[in-house]
2 protein chains.
Amino acid sequence: MDEQLRREVNLLHANLCQALADPTRILILYALAESPRHVSGLAELLDAPQSTVSRHLKVLRDRRLVTTSRDGAAVHYALADPRVIDALDTLRAVLTSALSQQAALAQSLS
Amino acid sequence: MDEQLRREVNLLHANLCQALADPTRILILYALAESPRHVSGLAELLDAPQSTVSRHLKVLRDRRLVTTSRDGAAVHYALADPRVIDALDTLRAVLTSALSQQAALAQSLS
DNA sequence: TCCGGATAACCGCTTGTGCGAATACATCGC
DNA sequence: GCGATGTATTCGCACAAGCGGTTATCCGGA
């Protein structure tokens with residue numbers, strides 16, 4: 001198979017898809033898309049310890065999906081690229097189609 | 001946090017994002033987007049045993065990302081929803097931006 | 001019956017996660 | 001400048017889940 005595409009997909013996966021491979025991180029991205037927040041705010045929002053949130057943020061940070069800026073003692077997190085949300089919304093649309101299709105199928109069988 | 005969004009994201013993750021959490025499956029999706037194929041064709045393309053390919057295909061099939069149809073003794077696999085590729089391409093665009101940004105940063109530091 | 005494909009069980013391995021504890025970092029009062 | 005405090009990151013550990021590969025089995029259509 002095409003080595004070029006292979007490398008590119010590996011890059012894509014390693015850099016982005018893996019970051020989306022955890023529901024908590026997707027929630028963080030949506031939360032940040034709504035409005036930038038501090039770590040403590042996210043922790044409260046997600047009802048998780050700071051250490052857990054911080055580690056998820058590190059994953060997103062390393063892949064440059066979020067940007068950071070100091071705000072006094074706190075750290076401000078914001079979405080780096082809104083297109084990530086676009087992509088997720090596209091996937092949600094796909095999911096909606098698949099589910100309704102599935103529902104129609106189930107109905108036709110009942 | 002909003003229980004509604006929480007459930008929806010969990011659904012999104014469980015149904016789609018998890019399917020994209022493996023580079024082999026992404027390659028399969030791109031391969032099918034290019035042209036529908038048989039299992040044996042995919043196995044050859046990916047240079048992997050049939051059982052491995054079949055297992056990946058099961059994941060994609062269960063999540064309705066691919067469709068199947070019999071073609072004589074063989075089974076024809078096709079991409080169920082081209083929007084998945086759209087979403088992946090969007091992510092590739094995000095990745096490209098992030099990488100060029102990173103390169104520019106590295107250059108400014110050297 | 002033969003072939004393409006699906007499924008299952010098993011193994012070894014890697015990776016990711018959550019959590020708590022410990023550590024850095026910045027600010028404030030003195 | 002120096003601790004004290006609130007905030008964030010990192011570390012260590014135990015645990016679960018996923019993947020690859022092999023093997024074997026079952027199923028469907030030619």
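Lettering follows sequence order; numbering is per chain, from 1. Worth knowing before you read on, the calculation uses all heavy atoms, side chains too, and leaves out hydrogens, waters and symmetry mates. Here the structure is a predicted model, which means the values were calculated and not measured.
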>> Closest approach to the side chain of A:K58, judged atom by atom: which nucleotide of C:dT7, D:dA8, D:dT10 is it?
In response: D:dT10
> Nearest of D:dA8, C:dG5, D:dG18 to any side-chain atom of A:V75?
Replying inline: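 Selected nucleotide: D:dA8.
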OP1 or OP2 of [N] less than 4.0 angstrom from a side-chain nitrogen or oxygen of [X], does that happen here?
X: B:Y77; N: C:dA6; answer: yes
X: A:R70; N: C:dT27; answer: no
X: A:Q18; N: C:dG16; answer: yes

>> Need one value for B:S54: base, sugar-phosphate or nothing, where a base atom within 4.0 Å counts as base even if backbone is also close, heavy atoms only.
In response: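 Here B:S54 touches the bases of the nucleic acid.
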> Side chains of A:D22 and B:H13: do they bring a donor and an acceptor to under 3.5 Å?
Replying inline: no
> Any chance the side chains of B:S97 and A:R83 put a donor and an acceptor closer than 3.5 Å?
Replying inline: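 Note: B:S97 and A:R83 side chains meet the donor-acceptor criterion.
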>> Apply salt bridge (Lys or Arg N to Asp or Glu O under 4.0 Å) to residues B:D89 and B:R92 and explain how you reach the verdict.
In response: CA-CA 5 Å; B:D89 283 340; B:R92 291 211 295 189; 3.4 Å; yes
> To the nearest angstrom, how far is A:E44 atom CD from D:dA8 atom P?
Replying inline: 12 Å
> Tell me: NE2 of A:H38 to C1' of C:dC25, nearest whole Å?
Replying inline: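 That distance rounds to 15 Å.
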Could you list all N or O pairs between the protein and nucleotides 20-25 of chain D that sit under 3.5 Å apart?
from, atom 1, to, atom 2, distance (Å)
D:dG20, OP1, B:T24, OG1, 3.1
D:dG20, OP1, B:H56, NE2, 3.3
D:dG20, OP2, B:H56, NE2, 2.4
D:dG20, N7, B:R55, NH2, 2.8
D:dG21, N7, B:R55, NH2, 3.3
D:dG21, O6, B:R55, NH1, 2.9

> Which sits closer to the 5' end of DNA chain C, A:A21 or B:A74, going by the nucleotide each is nearest to?
Replying inline: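 Its nucleotide being nearer the 5' end, the pick is B:A74.
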